[in-house]
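Everything numeric here is computed off the predicted structure, so don't read it as measured data.
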Amino acid sequence: MSTPAPGRVASAASLRLVCGMDPANPRERLLAAAEEAFLLHGYGGANLGEIARQAGISKKTIYKFVASKSDLFAAVVSNAIAMEQLTRHLGEVLEGDVAAPLRAFLVAYARLSLSPRGAQADRLVTMEAQRFPELAKAYADSVEMAATQPLIAWLEGQARAGLIAITSADRAARMLAAMVILDPLKTLLLGQRGPFEITEIEQIVDEAIGIFLRGVQSQGEIAATVPSVGSAATRS
């Protein structure tokens, strides 16, 4: 592969630093350039040759990392979620406090999903899914593996430990995520409001967890673990 022109690498490096990635890593430069292209031009309008140029690599090099354009999009989504390290929040439950790790996970997940970057990605998929069904599948699969499946596994663990009573961890995880994400995201996509403040996201999460835990815990457990509405404002 020929050495990329300095201007190309500088452009990719700047984008990488914004995203918290390593500008010396060609895969990370590729993901940054691809994210910018997808969000600016849409899935159909994004050109792999131009993405490669912005990343300072050859177009052929792209296929060393991904097999197709849809795989590249999936890698961008998976990387964005991975950068948030969502699963680090789903740790051990201390003293029966199910709400604490659940809250940390859902706040981080909602901050990403309801950010301008997250909402723009969702809008892109919604607009182009009919023309590019592989795009919708790549997006859904990436979110499933990086966020939904870890939450399902964690809920299953709490059920085995006797901390919650659920008949399906799969349904419980999807219902809980939907309570936090779907309606707020709809207001963003319809242009009904601007970005959410962190305090608003925390309140949405606290309310959702309160409703959820009232359905899966005994009354004694609820009193000990459910965060009160508005408690986010008092937390550091």
Side-chain angles (χ1 to χ4, degrees), residues 1-90 105 108-153 177 181 185:
M1 184 181 70
S2 60
T3 302
R8 295 179 185 176
V9 176
S11 173
S14 299
L15 190 57
R16 268 306 164 257
L17 291 172
V18 170
C19 297
M21 298 180 186
D22 180 7
N25 186 312
R27 182 179 183 276
E28 294 192 358
R29 293 202 309 272
L30 170 62
L31 293 179
E35 179 178 327
E36 181 182 46
F38 286 134
L39 294 181
L40 283 177
H41 307 297
Y43 181 77
N47 180 276
L48 291 181
E50 179 60 21
I51 289 172
R53 190 185 71 80
Q54 290 295 327
I57 61 176
S58 69
K59 185 175 179 180
K60 184 183 296 186
T61 302
I62 291 178
Y63 297 103
K64 292 182 179 180
F65 299 113
V66 295
S68 64
K69 189 177 184 179
S70 62
D71 284 348
L72 178 58
F73 182 82
V76 167
V77 175
S78 296
N79 184 73
I81 298 174
M83 291 288 288
E84 297 298 320
Q85 299 181 311
L86 297 181
T87 55
R88 69 186 171 91
H89 299 296
L90 294 175
F105 173 85
Y109 186 25
R111 288 185 69 174
L112 176 61
S113 300
L114 302 178
S115 68
R117 178 187 184 197
Q120 193 173 353
D122 201 274
R123 185 180 294 110
L124 183 157
V125 173
T126 301
M127 291 176 60
E128 303 211 48
Q130 189 169 1
R131 280 200 306 155
F132 304 102
E134 72 276 12
L135 170 67
K137 184 178 186 307
Y139 184 72
D141 288 350
S142 296
V143 174
E144 179 77 14
M145 293 304 297
T148 307
Q149 287 300 319
L151 179 57
I152 291 171
I181 302 298
L185 182 58

Engineer: What is the minimum heavy-atom distance between Gly49 and Asn47, and which atoms define it?
Structural biologist: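 Shortest heavy-atom contact: N-OD1, 2.9 Å.
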
Engineer: Check whether any side-chain heavy atom of Leu72 sits under 4.5 Å from a side-chain heavy atom of Ile51, and report yes or no.
Structural biologist: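 Yes, their side chains come closer than 4.5 Å.
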
Engineer: Would you find more than 12 non-hydrogen atoms of other residues, nucleotides or ligands less than 6.0 Å from Arg111 atom CZ?
Structural biologist: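 No, CZ of Arg111 has 12 or fewer neighbouring heavy atoms, counting only those of other groups under 6.0 Å.
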
Engineer: Please enumerate all residues that pass ring-ring contact (aromatic ring centres under 6.0 Å, His included) together with Phe38, with sequence neighbours excluded.
Structural biologist: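 With sequence neighbours excluded, Phe38 shows a ring-ring contact (aromatic ring centres under 6.0 Å, His included) to Tyr43, Phe73, given in chain and number order.
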
Engineer: Any non-hydrogen side-chain atom of Leu124 less than 4.5 Å from a side-chain atom of Leu135?
Structural biologist: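 Yes, at least one pair of side-chain atoms sits under 4.5 Å.
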
Engineer: What distance separates Glu144 CD from Ser78 OG, expressed to the nearest 0.5 Å?
Structural biologist: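 The CD atom of Glu144 sits 11.5 Å away from the OG atom of Ser78.
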
Engineer: Can you list the residues that meet the side chain to side chain contact (heavy atoms under 4.5 Å, CB included) rule with Ala108, with sequence neighbours excluded?
Structural biologist: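 Applying side chain to side chain contact (heavy atoms under 4.5 Å, CB included) to Ala108 gives Leu86, His89.
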
Engineer: What is the minimum heavy-atom distance between Pro150 and Thr87, and which atoms define it?
Structural biologist: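 Nearest heavy atoms, Pro150 then Thr87: CB-CG2, 3.5 Å.
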
Engineer: Between the main-chain N or O of Gly44 and the side-chain N or O of Glu128, is there a donor-acceptor pair closer than 3.5 Å?
Structural biologist: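 Such a contact is found between Glu128 side chain and Gly44 backbone.
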
Engineer: Output the distance between atom CG (Asn79) and atom CD (Glu35), rounded to the nearest 0.5 Å.
Structural biologist: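 Spacing of CG (Asn79) from CD (Glu35) equals 8.0 Å.
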
Engineer: Rounded at 0.5 Å granularity, tell me how far CG in Asp122 sits from OG1 in Thr126.
Structural biologist: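 Spacing of CG (Asp122) from OG1 (Thr126) equals 4.5 Å.
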
Engineer: Atom CG in Leu185, atom OG in Ser113: separation rounded to 0.5 Å?
Structural biologist: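 Going from the CG atom of Leu185 to the OG atom of Ser113 covers 7.5 Å.
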
Engineer: Do the side-chain N and O atoms of Glu36 and Gln54 include a donor-acceptor pair separated by under 3.5 angstrom?
Structural biologist: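 On atom types as modelled, these side chains do not qualify, holding no pair under 3.5 Å.
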
Engineer: Under the salt bridge (Lys or Arg N to Asp or Glu O under 4.0 Å) definition, can you give me all pairs with a residue in residues 65-74, not counting sequence neighbours?
Structural biologist: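 Output for this query is empty, none listed.
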
Engineer: Which heavy atom of Ala52 sits nearest to which heavy atom of Ile62, and what is that distance?
Structural biologist: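 Scanning both residues completely, I find the closest heavy atoms to be CB-CD1, 3.8 Å.
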
Engineer: After noting the C-alpha distance and the side-chain angles of Lys137 and Glu134, does the key distance pass the salt bridge (charged side-chain N to carboxylate O under 4.0 Å, His left out) rule?
Structural biologist: CA-CA 5 Å; Lys137 184 178 186 307; Glu134 72 276 12; over 6 Å; no

Engineer: For the residue pair Ala46 and His41, what are the closest heavy atoms and their distance?
Structural biologist: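 Reported closest heavy-atom pair: N-CB, 4.0 Å.
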
Engineer: Heavy-atom distance under 4.5 Å between the side chains of Tyr63 and Leu48, does that happen here?
Structural biologist: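 Answer yes - side chains close enough.
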
Engineer: Does Arg53 pair with Glu50 as a salt bridge, N-O distance under 4.0 Å?
Structural biologist: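 A salt bridge is present here (some side-chain N lies under 4.0 Å from a carboxylate O).
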
Engineer: Would you name the heavy atoms of Ala110 and Ile181 that are closest together and state the gap between them?
Structural biologist: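 Between these two residues, the closest heavy atoms are CA-CD1, 3.6 Å.
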
Engineer: Checking the side chain of Gln120 only, and the main-chain atoms of Leu39 only, is there a donor and an acceptor separated by less than 3.5 Å?
Structural biologist: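 Answer holds: yes.
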
Engineer: Looking at every heavy atom in both Val76 and Ala34, which two are closest together, and how far apart are they?
Structural biologist: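 Minimum heavy-atom contact is CG2-CB, 3.7 Å.
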
Engineer: Keeping the roles fixed (side chain from Ser142, backbone from Ala74), state whether a donor-acceptor pair exists under 3.5 Å.
Structural biologist: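 Yes; at least one donor-acceptor contact below 3.5 Å.
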
